[in-house]
Novice: 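For reference, the structure I am asking about is given below.
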Amino acid sequence: MFGRVAIIGIGLIGSSIARAVRARGLARHIAIADRSADHLERAEALGLGDSLHAGADAAVVGADLVVACVPVGACEEVAKLIARDLAPGAIVTDVGSVKGSVVRQMRPHLPAGIHFIPGHPVAGTEFSGPDAGFADLFDGRWCILTPPSDDVDADAIARLTAFWRALGSNVECMTPDHHDLVLAITSHVPHLIAYNIVGTADDLEAVTQSEVMKFSAGGFRDFTRIAASDPTMWRDVFLHNREAVIEVLGRFTEDLIALQRHIRWGEGDDLFELFTRTRAIRRGIIGMGQETPAADFGRRKG
Ligand SMILES: NC(=O)C1=CN([C@@H]2O[C@H](COP(=O)(O)OP(=O)(O)OC[C@H]3O[C@@H](n4cnc5c(N)ncnc54)[C@H](O)[C@@H]3O)[C@@H](O)[C@H]2O)C=CC1
Ligand SMILES: O=C(O)C(=O)Cc1ccc(O)cc1
């Protein structure tokens, strides 16, 4: 499908792409760059690529597909570094969890003749680094592409779509801003809630840490899994999707206050109505094949 694929950042997502590209025979050459010498060493030991580079600029030479798999806050630095070495006609994409900021950081530095199509595989785990990746991470999951304008080359979009489909994903296109609002409610604010509740439990003087661990029912355990996610990555997500996150948090806070009032005044019917509505949403998600009770159980055991 591609001659040379350059993967910048060989962590969870970069190494999963490298493994899947190799397993599915999607490129003749996989070039890997990472600024961490340790991660490059692990990538070599794991046989993730055909060439390893300390600098992203060397990795992109002759590449027809470049995938930036770095924290969102590192995207501008990567774009500046690779700009002069990109091959004319190359597709440059990324996997960042925020899209508007990635467009603003990268687009100004990329030369004419490069097809820039940011992307976001909506698939991951709470783990990070080259050892954490696996080839079927993207199987049956969604990948969102956010071409920054209407004049992005249709053939390039079709090639990148075919790439993600070959990795097992379903692909949908939307604008970067809409992506950021959708992901604020479906991923970013849920992560913030998990970070907050685990922090609150940790700060509660009257409840010891060992009690929290001993008596964690399923709900809290699930929050601790999410709250174990990479601090650098998530700091960048919140700093770079500030507007949408604040908008959603405002709505969330209003709804939380309403719930608090229902509890204070014993308004059981209101609680029952909400819990019935939310149960139907969960059952709808399972019906769409996005999550299965069995997968959930597997996660809990882990
Ligand atoms: N972790 C997850 O579940 C998901 C993450 N994403 C996005 O994927 C991107 C990567 O996340 P992960 O793979 O989870 O992170 P990770 O921490 O596992 O890997 C990031 C890699 O980038 C390298 N790196 C950092 N700055 C660099 C730079 N300036 N130049 C070269 N290499 C650099 C790091 O050394 C590390 O190897 C992030 O933008 C994140 O928002 C997207 C979907 C899911
Ligand atoms: O581990 C989980 O539950 C996740 O939510 C993984 C994840 C994290 C960030 C993304 O942008 C997409 C997926």
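Whatever order the structure lists ligands and atoms in, that order sets their numbers, starting from 1. Below, all heavy atoms of this structure are taken into account, side chains as well, without hydrogens, waters or symmetry copies.
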Novice: How far is atom 9 (C) of ligand 1 from its nearest protein heavy atom, and which residue and atom is that?
Specialist: Val70 O, 3.5 Å
Novice: Where on Leu183 is there a heavy atom closer than 4.0 Å to ligand 2, on the side chain, on the backbone, on both, or on neither?
Specialist: neither
Novice: What atoms of ligand 2 come within less than 4.0 Å of a heavy atom belonging to Ile226?
Specialist: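 Selected atoms, number and element: 3 (O).
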Novice: Can you name the one residue among Glu172, Lys99, His120 that meets side chain to side chain donor-acceptor pair (under 3.5 Å) with His179?
Specialist: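 The single option meeting the side chain to side chain donor-acceptor pair (under 3.5 Å) with His179 is His120.
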Novice: Give a yes/no on ligand 2: does Trp234 have at least one heavy atom closer than 4.0 angstrom to it?
Specialist: yes
Novice: So if I count the atoms of ligand 2 from 1 in the order they appear, which ones are less than 4.0 Å from some heavy atom of His120?
Specialist: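 By the 4.0 Å cutoff, the relevant atoms are 10 (C), 11 (O), 12 (C).
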Novice: Arg225 versus ligand 2: do any nitrogen or oxygen atoms come within less than 3.5 Å of each other?
Specialist: yes
Novice: Could you check whether any side-chain N or O of Arg225 sits under 3.5 Å from a backbone N or O of Phe220, counting only pairs where one atom can act as donor and the other as acceptor?
Specialist: no
Novice: For atom 5 (C) of ligand 1, which protein heavy atom lies nearest, and how many Å away is it?
Specialist: Met233 CE, 3.5 Å
Novice: Is Thr125 touching ligand 1 with its side chain, its backbone, both, or neither, if touching means heavy atoms under 4.0 Å apart?
Specialist: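 The backbone, only.
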Novice: Under 3.5 Å, is there a donor-acceptor pair between the side chain of Ser169 and the main chain of Val171?
Specialist: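 It does not hold such a pair.
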Novice: Provide, to 0.1 Å, the distance between atom 19 (O) of ligand 1 and the closest protein heavy atom, together with that atom's residue and name.
Specialist: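 The answer is Gly11 CA, 3.2 Å.
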Novice: Please step through side-chain hydrogen bond (donor to acceptor under 3.5 Å, both in side chains) for the pair Asp151 and Ser149, ending with a clear verdict.
Specialist: CA-CA 6 Å; Asp151 54 12; Ser149 63; 2.5 Å; yes
Novice: Identify, by atom number and element, the atoms of ligand 1 in contact range of Val72, meaning under 4.0 Å from any of its heavy atoms.
Specialist: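 Those atoms are 39 (O).
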Novice: I'd like to know if the side chain of Glu44 reaches the main chain of Glu41, judged simply by a donor and an acceptor atom lying under 3.5 Å from each other, with no hydrogens or angles considered.
Specialist: no
Novice: Under the criterion side chain to side chain contact (heavy atoms under 4.5 Å, CB included), I'd like the reasoning laid out for Glu77 against Leu81: C-alpha separation, chi angles, the key distance, then a yes or no.
Specialist: CA-CA 6 Å; Glu77 183 188 324; Leu81 189 60; 5.8 Å; no
Novice: N/O to N/O below 3.5 Å, does that happen between Asp230 and ligand 1?
Specialist: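 Checking ligand 1 against Asp230, no N or O pair falls under 3.5 Å apart.
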Novice: Between Arg42, Arg141, Arg35, which one has a non-hydrogen atom sitting closest to atom 31 (C) of ligand 1?
Specialist: Arg35
Novice: Let me check something: do Val237 and Val122 share a hydrophobic cluster, defined by ILVMFWY side-chain heavy atoms less than 4.5 Å apart, either directly or through other members?
Specialist: no
Novice: Pick, from Ser229, Pro71, Ala56, the option with the minimum heavy-atom distance to atom 25 (C) of ligand 1.
Specialist: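 It is Pro71 that holds the nearest heavy atom.
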Novice: Of Asp38, Thr232, Ile13, Val237, which has the heavy atom at the shortest distance from atom 12 (P) of ligand 1?
Specialist: Ile13
Novice: Is the backbone N or O of Ile30 less than 3.5 Å from a side-chain atom of Asp50, with the two atoms forming a donor-acceptor pair by type?
Specialist: yes
Novice: Considering only the protein, which heavy-atom contact is closest to atom 10 (C) of ligand 1, and what is its distance?
Specialist: Cys69 O, 3.4 Å
Novice: What atoms in ligand 1 come closer than 4.0 Å to a heavy atom of His39?
Specialist: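 Result: 35 (O), 36 (C), 37 (O).
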Novice: With heavy-atom distances below 4.0 Å as the criterion, list the atoms of ligand 1 near Pro121.
Specialist: 43 (C)
Novice: Would you kindly specify which portion of Ala123 sits under 4.0 Å from ligand 1, judged on non-hydrogen atoms: side chain, backbone, both or neither?
Specialist: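 Contact part for Ala123 vs ligand 1: backbone (N, CA, C, O).
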Novice: Report, in ascending order of atom number, the atoms of ligand 1 lying under 4.0 Å from any heavy atom of Glu77.
Specialist: 29 (N)
Novice: Which of the atoms in ligand 2, numbered in the order shown and given with their element, are less than 4.0 Å from a heavy-atom of Met233?
Specialist: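 Counting from 1, the qualifying ligand atoms are 9 (C).
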Novice: Could you tell me whether some N/O pair between Gly129 and ligand 1 is separated by less than 3.5 angstrom?
Specialist: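 Yes, Gly129 has an N/O under 3.5 Å of an N/O on ligand 1.
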Novice: Where's the contact between His120 and ligand 1, heavy-atom distance under 4.0 Å: side chain, backbone, both or neither?
Specialist: side chain
Novice: Show the nearest heavy-atom pair for residues Ala68 and Val78, with the distance to one decimal.
Specialist: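 Heavy atoms only, the tightest pair is CB-CG1, 4.4 Å.
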Novice: Tell me which protein heavy atom sits closest to atom 40 (C) of ligand 1, plus the residue, atom name and distance to 0.1 Å.
Specialist: Ser97 OG, 3.6 Å
Novice: Just need the protein heavy atom nearest to atom 35 (O) of ligand 1, so name the residue and atom and give the distance.
Specialist: Asp34 OD1, 2.6 Å
Novice: When you measure from the side chain of Thr93 to the backbone N and O of Ile117, does any donor-acceptor pair fall under 3.5 Å?
Specialist: yes
Novice: I'd like to know if Arg4 and Asp64 make a salt bridge, using a cut-off of under 4.0 Å between side-chain N and carboxylate O.
Specialist: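 Here Arg4 does not pair with Asp64 in a salt bridge, since their nearest N and O are not under 4.0 Å apart.
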Novice: Are Met174 and Met106 grouped together when hydrophobic residues (ILVMFWY) are joined by side-chain heavy atoms under 4.5 angstrom apart?
Specialist: no
Novice: Is there a salt bridge (Lys or Arg N to Asp or Glu O under 4.0 Å) between Asp57 and Arg84? Walk through the geometry before answering.
Specialist: CA-CA 8 Å; Asp57 44 355; Arg84 279 193 323 154; over 6 Å; no
Novice: Can a salt bridge be assigned to the pair Asp139 and Arg24 using a cut-off of 4.0 Å between side-chain N and carboxylate O?
Specialist: yes
Novice: Considering the heavy atoms of Ser36, write down every atom of ligand 1 situated less than 4.0 Å from one of them.
Specialist: 35 (O)
Novice: Could you tell me which atoms of ligand 1, counted from 1 in the order shown, lie closer than 4.0 angstrom to a heavy atom of Ser128?
Specialist: 16 (P), 17 (O), 18 (O)
Novice: Count I, L, V, M, F, W, Y as connected when their side-chain heavy atoms are under 4.5 Å apart, and connections chain through other members. Are Met233 and Leu183 then in the same cluster?
Specialist: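 Different clusters: Met233 never reaches Leu183 through Ile, Leu, Val, Met, Phe, Trp or Tyr contacts under 4.5 Å.
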Novice: Record the part of His188 in heavy-atom contact with ligand 2 below 4.0 Å; permitted values are side chain, backbone, both and neither.
Specialist: neither
Novice: May I ask you to identify the nearest protein heavy atom to atom 2 (C) of ligand 1, giving residue, atom name and distance to one decimal place in Å?
Specialist: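 Of the protein heavy atoms, Leu12 CD2, 3.7 Å lies nearest.
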Novice: Taking atom types as modelled, find out whether Glu273 and Thr276 have a side-chain donor-acceptor pair closer than 3.5 angstrom.
Specialist: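 Not at all, the side chains of Glu273 and Thr276 share no donor-acceptor pair under 3.5 Å.
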Novice: At what distance is the nearest protein heavy atom to atom 7 (C) of ligand 1, and which residue and atom is it?
Specialist: Val95 O, 3.3 Å
Novice: Just by modelled atom types, is the Ile157 backbone N or O under 3.5 Å from a matching donor or acceptor in the Thr161 side chain?
Specialist: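 Checking the backbone N and O of Ile157 against the side chain of Thr161, a donor-acceptor pair under 3.5 Å is found.
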